[in-house]
Amino acid sequence: MNYQEYILKHKVVSIARRVYGKDLFHLANALSRGGIKLLELTFDQNDTEHLSKTKAGIELLNSIPDILVGAGTVINTEQLHAAASAGAKYIVSPNTDTKIIEATKKLGLISIPGAATPTEILNAHAAGADFIKIFPALPLGFEYIKAICQPLNHLRFIANAGVTPDNIRDFFDIGFVGVGISNYLSEARLIASNQFNELESRARYIVEKLQ
């Protein structure tokens, strides 16, 4: 499988935070049934067991057909290697750290660092990033991200933070190739009450918005 092409094809990355075990399994299956095929499991920096929990979660997600699994909030090489050993195919960070980008590429994985300025964007690209995550997208504002992305339209941008069903189309209209969505597709309240059918419906709704 060409992982870059798979990301470009499916466009929407569902971001799961502090979801593990059977809840993660049911969530991923619900999202997949709804048409979301990209799932990023983040490292919870406040959890002293985040390495083992996230590694186990990535391994679990790799057992689900059609789901391409990535690791999120990767901010050091220890987390990078834990994610890689568990089978993560793409590495997502909130920042531009050229050491993480270069190490990710040496492992043969897709690199998606976060950036918010032209300097960060170009530094990430020069270090080998495959996609650039504009973060935090909505707080920066559409006028700002439009202004910085248009002259750099040879790069592939993914929006993260603030993407909703109401504005998702706007990001693609200004040239983004993908988006990351967290709470709407992994709301803790719905997971706690086993309302996975609702999350499946939300996934389907997002996919329909892009057709």
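Values in this document were obtained by computation on a predicted structure and should not be read as measured data.
- Residues Leu61 and Phe43 fall into different hydrophobic clusters, defined by Ile, Leu, Val, Met, Phe, Trp and Tyr side chains chained together at heavy-atom separations under 4.5 Å.
- Counting only distance, with no hydrogens or angles, the side chain of Asn62 and the backbone of Gly87 share a donor-acceptor pair below 3.5 Å.
- Thr164 places a side-chain N or O within 3.5 Å of a backbone atom of Asp166 that can act as its donor or acceptor partner.
- Heavy-atom minimum distance, Ser182 versus Arg17: CB-NH1, 3.2 Å.
- Applying the side chain to side chain contact (heavy atoms under 4.5 Å, CB included) test to Lys9 and every residue at least two apart in sequence or in another chain returns nothing.
- Between Val12 and Val207 the shortest side-chain heavy-atom distance does not fall below 4.5 Å.
- By the 4.5 Å heavy-atom criterion applied to side chains, Asn160 and Pro136 are not counted as neighbours.
- The cluster map of Ile, Leu, Val, Met, Phe, Trp and Tyr, joined by side-chain heavy atoms under 4.5 Å apart, puts Ile174 and Leu152 in the same cluster.
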For a quick test of your reading: what N or O donor-acceptor pairs under 3.5 Å do the side chains of residues 119-126 make, sequence neighbours left out?
residue, atom, partner, partner atom, Å
Glu120, OE1, Ala116, N, 2.6
Glu120, OE1, Thr117, N, 3.4
Asn123, ND2, Thr119, O, 3.3

Considering only distance and modelled atom types, tabulate donor-acceptor pairs under 3.5 Å from the side chains of residues 64-76, sequence neighbours left out.
residue, atom, partner, partner atom, Å
Asn76, OD1, Glu78, N, 3.2
Asn76, OD1, Gln79, N, 2.8

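- Applying the salt bridge (charged side-chain N to carboxylate O under 4.0 Å, His left out) rule to pairs touching residues 84-102 yields Asp97-Lys99, sequence neighbours excluded.
- Residues Ile158 and Ile112 have side chains in contact (heavy-atom distance under 4.5 Å, counting atoms from C-beta outward).
- Of all heavy-atom pairs spanning Ile206 and Pro165, the tightest one is CD1-CG, 3.8 Å.
- Here Asp130 pairs with Gln4, Lys105, Ile110, Ser111, Arg156 under the side chain to side chain contact (heavy atoms under 4.5 Å, CB included) rule; sequence neighbours left out.
- Listed by chain and number, the residues in a salt bridge (charged side-chain N to carboxylate O under 4.0 Å, His left out) with Arg33 are Glu200 (sequence neighbours excluded).
- For residues 184-193, the set of pairs meeting the side-chain hydrogen bond (donor to acceptor under 3.5 Å, both in side chains) definition, not counting sequence neighbours, comprises Glu187-Arg189, Glu187-Arg202, Ser193-Gln195.
- For residues 55-81, no pair satisfies ring-ring contact (aromatic ring centres under 6.0 Å, His included), with sequence neighbours left out.
- Applying the side-chain hydrogen bond (donor to acceptor under 3.5 Å, both in side chains) test to Asp47 and every residue at least two apart in sequence or in another chain returns Lys53.
- Shown here are the side chain to side chain contact (heavy atoms under 4.5 Å, CB included) partners of Ser63, two or more places apart in sequence or in another chain: Phe25, Leu60.
- Considering every non-hydrogen atom in both Leu27 and Phe196, the closest pair reads N-CE2, 3.6 Å.
- When the side chain to side chain contact (heavy atoms under 4.5 Å, CB included) test is applied to Gln150, the partners found at least two apart in sequence or on another chain are Lys146.
- Annotation: side chain of Ile132 is not in contact with side chain of Phe176 (no heavy-atom distance under 4.5 Å).
- Proximity of Lys133 to Pro113: side-chain heavy atoms (C-beta onward) are nowhere separated by under 4.5 Å.
- Summarising the geometry of Thr42 relative to Thr54, their closest heavy-atom pair is O-OG1, 3.6 Å, with the distance given to 0.1 Å.
- Checking side-chain atoms of Asn2 against main-chain N and O of Glu5 turns up a donor-acceptor pair under 3.5 Å.
- Residues Val179 and Phe172 have side chains in contact (heavy-atom distance under 4.5 Å, counting atoms from C-beta outward).
- A heavy-atom distance below 4.5 Å is not found between the side chains of Leu199 and Leu185.
- Val177 and Leu138 fall into different hydrophobic clusters, where Ile, Leu, Val, Met, Phe, Trp and Tyr side chains are chained together by heavy-atom contacts under 4.5 Å.
- When hydrophobic clusters are built by joining Ile, Leu, Val, Met, Phe, Trp and Tyr residues whose side-chain heavy atoms come closer than 4.5 Å, directly or via intermediates, Val163 is grouped together with Tyr144.
- Taking each heavy atom of Pro118 and Ile148 in turn, the nearest pair found is CG-CG2, 3.9 Å.
- Between Phe142 and Phe171, the two ring planes are tilted [angle within 30° to 60°].
- Considering CG of Leu107 and OG1 of Thr77, their distance stands at 10.0 Å, rounded to 0.5 Å.
- Between Phe131 and Tyr90, the gap from one ring centroid to the other reaches at least 6.0 Å.
- For the pair Leu80/Ile91, a side-chain contact is recorded, criterion being any heavy-atom separation below 4.5 Å from C-beta on.
- Linking Ile, Leu, Val, Met, Phe, Trp and Tyr whenever their side-chain heavy atoms come within less than 4.5 Å leaves Ile191 and Ile15 in two separate clusters.
- Considering every non-hydrogen atom in both Leu31 and Ser14, the closest pair reads CD1-OG, 3.2 Å.
- Taking Asp173 as the reference, Arg169 meet the salt bridge (charged side-chain N to carboxylate O under 4.0 Å, His left out) condition, with sequence neighbours excluded.
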